[in-house]
Amino acid sequence: MHPIWADDPAEALALQARLRRRVVARGAPAPALVAGLDAAYSRDGATIYGAAVLFLFPGLEQVGEAWTECEARFPYIPGLFAFREGPALCAALEALDRTPDLILVHGHGIAHPRRCGIASHLGVLLGTPSIGVADLLLVGEAGEPRGERGAAAPVRFEGEVVGWAVRTRTGARPIYVSPGHLVGHAAAVELVLAMTGNYRRPEPLRAAHRCAVSVRAGKTKR
DNA sequence: GCGACAG
DNA sequence: ATCTTGTCGC
């Protein structure tokens with residue numbers, strides 16, 4: 001009954017307009033199983049490798065991994081990123097043998113022009129708490145967080161706080177964290193920090209990225 | 001019109 | 001995202 005994805009930008013915008021109403025940017029989940037989601041592309045850009053890696057929380061032991069290979073059928077358009085990578089990431093999630101109770105997505109949550117970035121989009125579709133973690137800002141302005149790990153400065157857009165610039169590692173540039181779905185601002189930042197070790201990006205996303213890249217290597221090898 | 005623009 | 005080697009620094 002309800003369209004999940006879209007075939008063109010106009011449809012995508014219409015779907016986002018409906019999805020945004022279902023986004024709940026509050027909550028403080030206490031997850032036991034967390035999945036990190038990321039993707040990689042074939043050289044020619046025709047194929048997307050989606051990866052989902054499962055971790056126990058808060059221990060962060062890796063307990064599962066799954067990936068998929070999908071045809072890239074939606075162009076990369078800032079603001080419509082979910083329509084490009086979303087299908088591949090969902091397929092990877094479905095290939096896991098367990099269902100996570102929190103997903104970390106490489107991309108933004110509500111720090112998005114229509115408050116419906118890929119993390120929010122997937123969270124709503126799956127009915128699962130989600131958090132967006134990005135390397136660069138898509139919208140808004142962020143102050144410079146203090147220099148030590150754990151410091152955070154709000155990302156403001158159209159008069160409201162839509163996310164946080166978080167210093168996950170002393171001396172490194174901040175990453176941008178925003179609620180996806182069923183997670184509030186404070187919880188999003190706290191959870192990301194709890195999943196970040198000696199690297200700038202949280203472990204589940206590092207693992208998902210390595211997984212996607214290695215799958216591409218296997219599929220490209222000849 | 002100009003510049004910005006997740007991955 | 002991807003194309004790419006070495007290199008500066010902790």
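Order of the sequence lines sets the chain letters (A, B, ...), proteins ahead of strands, with each chain counted from 1.
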>> Does A:D44 reach a base, just sugar-phosphate, or nothing at all? Heavy atoms under 4.0 Å.
In response: nothing
> NA contact type, A:G132, heavy-atom cut-off 4.0 Å: base, sugar-phosphate, or nothing?
Replying inline: nothing
>> Measuring from the side chain of A:R43 (C-beta onward, heavy atoms only), which nucleotide among C:dT4, C:dA1, B:dA6 has the closest atom?
In response: C:dT4
> Which is true for A:I48 with a 4.0 Å heavy-atom rule: it touches a base, it touches only sugar-phosphate, or it touches nothing?
Replying inline: nothing
>> Once pairs are restricted to Watson-Crick or G-U wobble with both distances under 3.5 Å, how does DNA chain C read as a dot-bracket string, [ ] for crossings and | for other-strand pairs?
In response: ..........
> So what does A:H112 touch, heavy atoms closer than 4.0 Å: a base, only the sugar-phosphate, or nothing?
Replying inline: base
> Which is true for A:I175 with a 4.0 Å heavy-atom rule: it touches a base, it touches only sugar-phosphate, or it touches nothing?
Replying inline: nothing
>> Is it the case that over 12 heavy atoms from other parts of the model lie below 6.0 angstrom from the CG atom of A:N198?
In response: no
>> Can you measure A:L138 atom CG to B:dA6 atom P for me and round it to whole angstrom units?
In response: 6 Å
> How many Å lie between CG on A:L137 and C1' on B:dA6, as a whole number?
Replying inline: 9 Å
> At under 4.0 Å between heavy atoms, what does A:Y76 touch on the DNA or RNA strands: base, sugar-phosphate, or nothing?
Replying inline: base
Please output the side-chain donor-acceptor pairs of residues 82-90 of chain A that fall under 3.5 Å, not counting sequence neighbours, one pair per line with the distance.
residue, atom, partner, partner atom, Å
A:R84, NE, A:Y41, OH, 3.4
A:R84, NH1, A:F74, O, 2.7
A:E85, OE2, A:Y41, OH, 2.8

> For the pair made of CZ in A:R115 and C1' in B:dA6, what is the distance, rounded to whole Å?
Replying inline: 15 Å
In a table with atom names and distances, give each donor-acceptor pair under 3.5 Å that connects a side chain of residues 148-162 of chain A to protein atoms at least two apart or in another chain.
residue, atom, partner, partner atom, Å
A:E148, OE2, A:R146, NE, 3.1
A:E148, OE2, A:R146, NH2, 2.4
A:R149, NH1, A:T168, O, 2.8
A:R149, NH2, A:L193, O, 2.9
A:R149, NH2, A:T196, O, 3.2
A:E158, OE1, A:R115, NH1, 3.1
A:E158, OE1, A:R115, NH2, 3.1
A:E160, OE2, A:R115, NH2, 3.1

> Could you give the CZ-to-P distance, from A:F83 to B:dA6, as a whole number of Å?
Replying inline: 17 Å
> Can you list every ring-ring contact (aromatic ring centres under 6.0 Å, His included) pair that touches residues 88-113 of chain A, not counting sequence neighbours?
Replying inline: none
> Hey, what else clusters with A:V24 if you join Ile, Leu, Val, Met, Phe, Trp, Tyr whenever side-chain heavy atoms sit under 4.5 Å?
Replying inline: A:L182
> Just how far, in rounded Å, is P of C:dA1 from CZ of A:R201?
Replying inline: 7 Å
> Whole-Å distance between B:dA4 P and A:F81 CZ?
Replying inline: 21 Å
> B:dA6 phosphate, OP1 or OP2: any side-chain N/O from A:Y176 under 4.0 angstrom?
Replying inline: no
> Touch check for A:A40, heavy atoms < 4.0 angstrom, all strands: base, sugar-phosphate only, or nothing?
Replying inline: sugar-phosphate
> So, the side chain of A:R20 versus the backbone of A:C116: is there a donor-acceptor pair under 3.5 Å, distance only?
Replying inline: no
Donor-acceptor contacts, no H, no angles, side chain residues 122-141 of chain A, under 3.5 Å, sequence neighbours left out:
residue, atom, partner, partner atom, Å
A:T128, OG1, A:L126, O, 3.4
A:S130, OG, A:A119, O, 2.7
A:S130, OG, A:H181, N, 3.0
A:D135, OD1, A:R200, NH2, 2.9
A:D135, OD2, A:R201, NH1, 2.5

> Rounding to a whole Å, what distance do you find between A:H106:NE2 and B:dG7:C1'?
Replying inline: 7 Å
> Please give, in whole Å, the distance from B:dA6 P to A:H121 NE2?
Replying inline: 18 Å
